[in-house]
Every structure is written in C-alpha cells, then in structure tokens.
Amino acid sequence: MTEKKRSALMNFLFPKITLGYCVRLICVAAIAYGFFGYLCKPAIVRGASMEPAYHDGMFVFCWTPAFWRRKPSHGDVVMIRYGSDRVMLLKRVLAVEGDVIEFRDGVLYLNNEIAEGPWLNLTKCDWNMEPHTVSAGHIYVIGDNRSMPMDEHIFGEADLADVIGMPLLQ
Amino acid sequence: MKQIIIAIVIIAVAIVAWLLFFPSEKKIVLKQLDKIIESVNKPSDEGNIAAAAKNLAFGALLDDTNEISIIIDEFPYNGSHSSSELASLEAQGRLYCETIDIRLKGADVEIKDGVATINFTAAFTVVTKFGGKYDEIRPFVATLKKIDKKWKFTAFRDKQVLKK
C-alpha cells in the first residue's frame with residue numbers, strides 16, 4: 001500500500017474532527033433517524049402466519065409512504081399497528097370496503113364469486129366462514145398460511161388508520 | 001475550532017442531563033406503566049414479603065378517587081372496581097399463578113385534557129399453579145389521570161385491532 005493510500009485510509013477511519021465533519025455527522029444521523037424511524041422501519045417477522053411468503057425470523061422493512069397516495073387493494077401485503085407502532089401484524093389484504101368475503105371449504109369467495117389471484121392458494125385450506133361485508137374505511141386481512149386451524153389464526157377487519165405501510169421487496 | 005467542538009459537546013451533555021433530570025410527562029406516564037407491570041410480574045421464587053410490597057405498589061398506582069374500569073376479553077375481573085378491591089383481586093389472582101412474566105413490547109402515550117392514554121402491546125407468559133401455560137401478545141389501552149401531582153390508572157381495556 002502506498003503512503004498516499006494509507007493516509008487516505010487513515011483519514012477515512014480516523015477523520016480529523018472539524019466543524020464540517022461534526023455538521024456532516026449530525027446531518028447523516030438526523031437523516032438516518034428520520035428514514036429508518038418513520039419512512040422505512042426495520043422489523044423482524046415472528047410466527048408462521050405468512051408462510052410461505054414470509055418466514056419466521058425474516059428481516060423486513062416497513063415502507064410507510066406506500067399508502068400515502070392510494071388505499072391498500074386486493075393482494076397487497078400490509079403491516080398493521082398492533083397496539084403500539086413498534087409491534088405490527090403482517091397480513092394480506094383479501095377484501096376491501098364494501099366487499100363480501102366468505103370461505104367455503106377453503107375456497108375464498110368475494111362478492112359471491114370465486115376469488116382469483118396468485119396469493120390465494122399458497123397453502124392447503126379447509127376453512128369455512130360465513131359471509132362478512134367489510135365496513136367503510138376498513139380492509140379484511142388474513143395471513144397466507146391458512147393450513148393452520150382457523151381459531152389459531154389472527155385475521156379480520158382492520159381500520160385503514162391502523163395500516164402503517166407495506167413490507168419492502170414483497 | 002477547538003472551542004466550537006467543546007461548546008457542541010457541552011451543549012449535548014447539557015441536553016442529555018436536562019432530559020434525564022426533567023423527564024417529559026410522557027416519560028413519567030410510561031414509568032407508571034413499567035411500575036404497574038413490575039408489580040404484577042411474579043417470579044417463581046417470590047416470597048410473601050415481596051408479594052405484599054408489590055401488592056401495595058400496585059394499589060398505589062390506581063386511582064383511589066373513582067372506580068377503575070376494566071374491559072378485557074376473557075379476563076375474569078371485568079367491570080368497575082375500587083382501587084382497594086382491585087388490589088385485593090390482583091393479590092388473589094397472583095396466588096393462582098406460579099409465574100407471571102409481562103414484557104412491554106411497545107407503548108405510545110398521548111396526553112390530552114389532563115388524561116393520558118397509553119396504547120401498548122404486551123407479551124404475557126403465565127404459568128398457573130395447576131400447570132396451565134398461557135403465552136400470547138396482545139394490545140391494550142390504559143388511561144391515567146393526574147391526581148395529587150401523580151399519574152394514576154383509571155381504566156384498562158384491550159384493543160381490538162382485527163374484528164372478525
């Protein structure tokens with residue numbers, strides 16, 4: 001390594017603390033805090049309710065601007081506030097406001113017609129659920145892993161105000 | 001240059017000291033939540049004196065001027081109770097449990113018109129004396145009022161995030 005390269009490396013690893021360096025450091029810290037604290041929140045998936053798309057222990061980012069200009073629609077994976085902002089539910093939107101959702105022997109019916117989409121039959125399912133009309137300002141969310149018994153699965157109608165964002169790189 | 005950096009460091013230390021010694025109302029409210037969770041938690045080796053001290057601490061955190069409302073799904077003590085009644089129920093309930101471990105996963109505080117509302121998510125691990133084990137994460141809402149310059153709990157309810 002030449003003397004010049006070594007000096008550059010030492011300057012990078014141990015920079016001189018100047019006013020400009022302090023200002024840059026504060027700016028970078030503020031931008032990182034804003035970006036990772038509000039726009040792109042890091043999270044770890046816990047549980048198997050979104051298998052096979054999202055595994056237990058998987059690292060994801062919650063992209064909060066995703067629904068600033070549009071509402072969640074069928075097939076979107078959303079992250080929903082679960083009490084506080086630091087705990088979120090990861091679920092897939094299967095119905096939006098006004099839709100009538102129903103399960104008959106594991107087949108999803110939307111507005112009395114068999115629903116279609118690549119996300120619908122990711123696991124085997126034998127659920128039966130009475131028709132339910134989704135209220136205004138709400139979405140109906142369910143995890144992808146419907147091979148587990150219905151009463152062990154957290155699902156239902158969520159308020160749009162509780163939707164924080166969607167995972168990046170779905 | 002050196003003086004400017006020293007000045008920045010002094011200002012940063014002063015801000016940290018200020019935040020530590022004069023916490024915001026929100027932090028004081030969160031501290032009350034930590035205290036009530038600590039007073040309910042029960043390690044397996046808890047003695048009678050520690051249990052009594054925790055029960056006293058639990059009662060002191062509740063509003064003793066009004067009834068406290070509890071609306072929690074599948075909870076045996078739902079309804080309105082006085083602080084002493086609730087402290088006694090808490091002591092009874094703890095007797096049935098071998099261990100109670102409540103961990104706060106996240107909490108957001110909002111203070112409006114002298115009422116603090118905490119939206120929080122807690123993870124429970126409860127082992128009963130009869131061998132039953134409950135392990136779950138649930139969201140709750142707690143309400144506090146400032147009484148004699150201290151924040152005291154006035155209501156607890158669970159938050160239904162998904163309605164079936």
Side-chain angles (χ1 to χ4, degrees), chain A residues 15-26 29 41 43-44 46-47 49 78-95 101-103 127 129-135 137-143 150-164, chain B residues 1-13 15-16 19 26-27 29-30 32-34 37 71-74 102-111 116-125 133-144 155-164:
Chain A
K16 277 184 188 166
I17 298 173
T18 60
L19 183 62
Y21 173 77
C22 289
V23 170
R24 279 202 303 276
L25 192 70
I26 291 167
K41 298 178 176 186
I44 292 173
R46 291 273 175 247
S49 78
V78 292
M79 295 176 87
I80 300 163
R81 183 181 297 109
Y82 197 54
S84 85
D85 274 2
R86 292 189 60 190
V87 184
M88 295 173 268
L89 290 172
L90 183 68
K91 299 284 170 191
R92 193 178 296 276
V93 180
L94 291 192
I101 182 169
E102 180 186 4
F103 274 101
W127 291 12
M129 189 179 85
E130 293 289 304
H132 174 94
T133 307
V134 183
S135 328
H138 288 73
I139 48 174
Y140 205 93
V141 295
I142 302 184
M150 209 170 172
D151 50 350
E152 283 178 20
H153 200 102
I154 300 175
F155 66 94
E157 211 176 90
D159 195 326
L160 280 173
D162 283 332
V163 176
I164 296 179
Chain B
M1 186 56 234
K2 205 173 174 183
Q3 283 97 329
I4 293 170
I5 291 166
I6 290 169
I8 290 172
V9 171
I10 289 172
I11 291 167
V13 170
I15 291 169
V16 170
L19 291 174
K26 284 187 177 181
K27 283 215 165 141
V29 168
L30 277 179
Q32 296 296 85
L33 182 65
D34 285 337
I37 287 174
I71 308 164
I72 296 173
D73 195 29
E74 294 172 14
I102 305 173
R103 283 112 43 216
L104 192 61
K105 290 286 179 185
D108 303 319
V109 182
E110 193 181 78
I111 301 176
T117 308
I118 316 177
N119 279 288
F120 67 100
T121 316
F124 293 82
T125 308
K133 190 176 178 187
Y134 303 93
D135 204 348
E136 59 179 323
I137 297 181
R138 278 169 72 169
F140 295 94
V141 180
T143 313
L144 298 90
F156 298 92
R157 65 179 169 86
D158 54 358
K159 190 177 176 177
Q160 214 181 355
V161 177
L162 299 182
K163 290 169 212 151
K164 282 192 181 173

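Treat the numbers as computed from the prediction; the structure is a model and nothing was measured. To find a chain, count down the sequence lines: A is the first, B the second, and so on, and within it residues start at 1.
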Rounded at 0.5 Å granularity, tell me how far CZ in A:Arg86 sits from CG in B:Asn119.
14.5 Å

How far does CD1 of B:Ile137 sit from CZ of A:Arg46, to the nearest 0.5 angstrom?
9.0 Å

Given heavy-atom pairs under 4.5 angstrom as the criterion, report whether the side chain, backbone, both or neither of [X] touches chain B.
X	value
A:Asp162	side chain
A:Ile17	both
A:Met88	neither

Between the main-chain N or O of B:Asp108 and the side-chain N or O of A:Ser84, is there a donor-acceptor pair closer than 3.5 Å?
no

Tell me, side chain or backbone of [X] under 4.5 Å from chain A's heavy atoms, or both, or neither?
X	result
B:Phe120	backbone
B:Lys159	side chain
B:Ile118	neither

Please check if atom [atom1] in [X] has more than 12 non-hydrogen atoms from other residues, nucleotides or ligands closer than 6.0 Å.
X	atom1	result
B:Tyr134	OH	no
B:Lys164	NZ	yes
B:Glu136	CD	yes

When only pairs under 4.5 Å are counted, which of A:Asp159, A:Ile154, A:Thr18 shares the most heavy-atom pairs with chain B?
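Between A:Asp159, A:Ile154, A:Thr18, the count favours A:Thr18.
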
Do you know which two heavy atoms are closest between A:Arg81 and B:Val161, and how far apart they sit?
O-CG1, 3.4 Å

